Amino acid sequence: MNPETRPRCKLCENKEDLGFSISMAFQPIIDYKEKSVFAYEALVRGTDGSPAYKILEKVNEENIYQFDQKCRTTAIQLASKLDIKSNLSINFIPGAVYKPETCIRQTLEAAHKYNFPTNKIIFEVIESEKVRDRKHLLSIFQSYAALGFRMALDDFGEGFSGLNHLLELDPNIIKIDIKLIRDIDKNNKAKLIVKNIKNLCDDLNIAVVAEGVETVDELRVLLDLKINLFQGYIFAKPKFEGLPDINYLSIE
């Protein structure tokens, strides 16, 4: 649907300024086999490059909607400016989405304005995000998927409802929680858990990303487990308002 013809809600009409400025840093999710970028994740920063936690300290119940919308449009605008050709992963806050079919309007308008394909946008939500209304989160996933967006669960395995989320939300992508990845080469229990997550997701046709990869030994184990999508400092750190150089490595 053309963004100009989509319905609006009162919050969508509210043009009140967020009250502070934001920008983005970008970190790649790489396809190791192809030695290419699968996606860039947009990570909120201050306009002076200040870290995310300093920005998040300013977010409250009164401005959470404006903040969520500003993150989306800023990510799309910068992705277009940087000429990102891969997918773009944008984090969203379920509690800031009041009506999925109307709150998506600004995202569609930004994609149209900056000529960024909506089928290259991935919406990412933390798996452990406390959601009071599970049906509401499901409606967001279904509405966004119907518009051609891909949906991802971040920090998968950190919460206690992961399998329920796979069943109910039917995500396209999961990102395995960093706690399972850290020192996986020394932790047989973590290795077994990740192995079974990967096998299950293969059966469900869900792509698996290992995030927070920092060492060659971790990477070697994850490759042995047939994981191919990675995000972590071993490949590239986030770059403020830019695309970092990527070290694809070569593991013998």
Side-chain angles (χ1 to χ4, degrees), residues 1-16 18 24 29 38-44 59 61 63-77 79-80 84 86-156 159 161-175 201 204-209:
M1 183 182 291
N2 189 303
E4 294 301 321
T5 63
R6 293 194 66 81
R8 289 185 179 270
C9 65
K10 291 182 180 179
L11 283 167
C12 298
E13 296 283 5
N14 185 0
K15 300 301 183 181
E16 183 178 344
L18 177 60
M24 293 285 161
I29 299 169
F38 170 74
Y40 283 98
E41 181 179 1
L43 302 164
V44 69
V59 180
E61 291 185 3
N63 63 20
I64 191 171
Y65 174 82
Q66 286 87 354
F67 174 72
D68 185 67
Q69 294 291 325
K70 188 65 174 178
C71 284
R72 299 169 183 227
T73 57
T74 301
I76 293 169
Q77 179 182 8
S80 177
I84 288 177
S86 69
N87 299 304
L88 172 67
S89 188
I90 301 174
N91 294 278
F92 77 97
I93 305 171
V97 180
Y98 296 90
K99 293 183 179 181
E101 66 277 12
T102 54
C103 292
I104 195 65
R105 183 184 177 97
Q106 289 189 40
T107 304
L108 294 172
E109 289 177 343
H112 179 74
K113 178 178 180 180
Y114 299 110
N115 196 31
F116 196 89
T118 56
N119 64 0
K120 288 187 175 293
I121 294 177
I122 300 168
F123 275 113
E124 184 175 323
V125 65
I126 297 174
E127 187 267 325
S128 59
E129 180 79 28
K130 294 180 179 178
V131 181
R132 295 178 182 176
D133 188 345
R134 293 170 69 92
K135 289 184 178 179
H136 178 59
L137 182 58
L138 176 58
S139 72
I140 296 172
F141 267 65
Q142 290 177 336
S143 295
Y144 286 10
L147 289 169
F149 298 112
R150 275 175 282 182
M151 306 301 293
L153 288 177
D154 193 11
D155 292 350
F156 185 83
S161 56
L163 293 181
N164 284 335
H165 278 158
L166 290 186
L167 176 64
E168 296 174 357
L169 302 178
D170 192 24
N172 305 104
I173 301 161
I174 67 158
K175 299 174 76 174
C201 287
L204 295 173
N205 196 30
I206 298 171
V208 174
V209 177

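The first residue in the sequence is number 1, and the count goes up from there. This is a predicted model, so every value here is computed, not measured.
- Looking at Tyr144 and Val97, their side chains come closer than 4.5 Å, going by heavy atoms from C-beta outward.
- Taking the six-membered ring where the residue is Trp, Tyr98 and Tyr65 present tilted rings, their angle falling between 30° and 60°.
- For Gln77, the side chain to side chain contact (heavy atoms under 4.5 Å, CB included) partners at least two apart in sequence or on another chain are Tyr114.
- For the pair Arg105 and Glu109, the salt-bridge criterion is met [side-chain N within less than 4.0 Å of a carboxylate O].
- Considering only heavy atoms from C-beta on, Val125 comes within 4.5 Å of Leu153 through its side chain.
- To the nearest 0.5 Å, atoms NZ (Lys135) and CD (Gln142) are separated by 11.5 Å.
- Between Glu124 atom CD and Phe92 atom CZ the span is 9.5 Å, to the nearest 0.5 Å.
- Two residues are said to be in side-chain contact when any heavy atoms from C-beta on lie closer than 4.5 Å; Gln69 and Cys103 meet this criterion.
- For the atom pair OG1 of Thr73 and CG of Asp68, the computed distance is 9.5 Å after rounding to the nearest 0.5 Å.
- Under the 4.5 Å side-chain criterion, counting only non-hydrogen atoms from C-beta, Asn87 is in contact with Arg150.
- Ile76 has its side chain within reach of Ile121: a pair of non-hydrogen atoms, C-beta onward, lies under 4.5 Å apart.
- For the atom pair Leu204 CG and Asp170 CG, the distance stands at 8.0 Å (nearest 0.5 Å).
- Between Phe123 and Phe149, the ring planes are perpendicular. Angles over 60° get that label, and only those under 30° would be called parallel.
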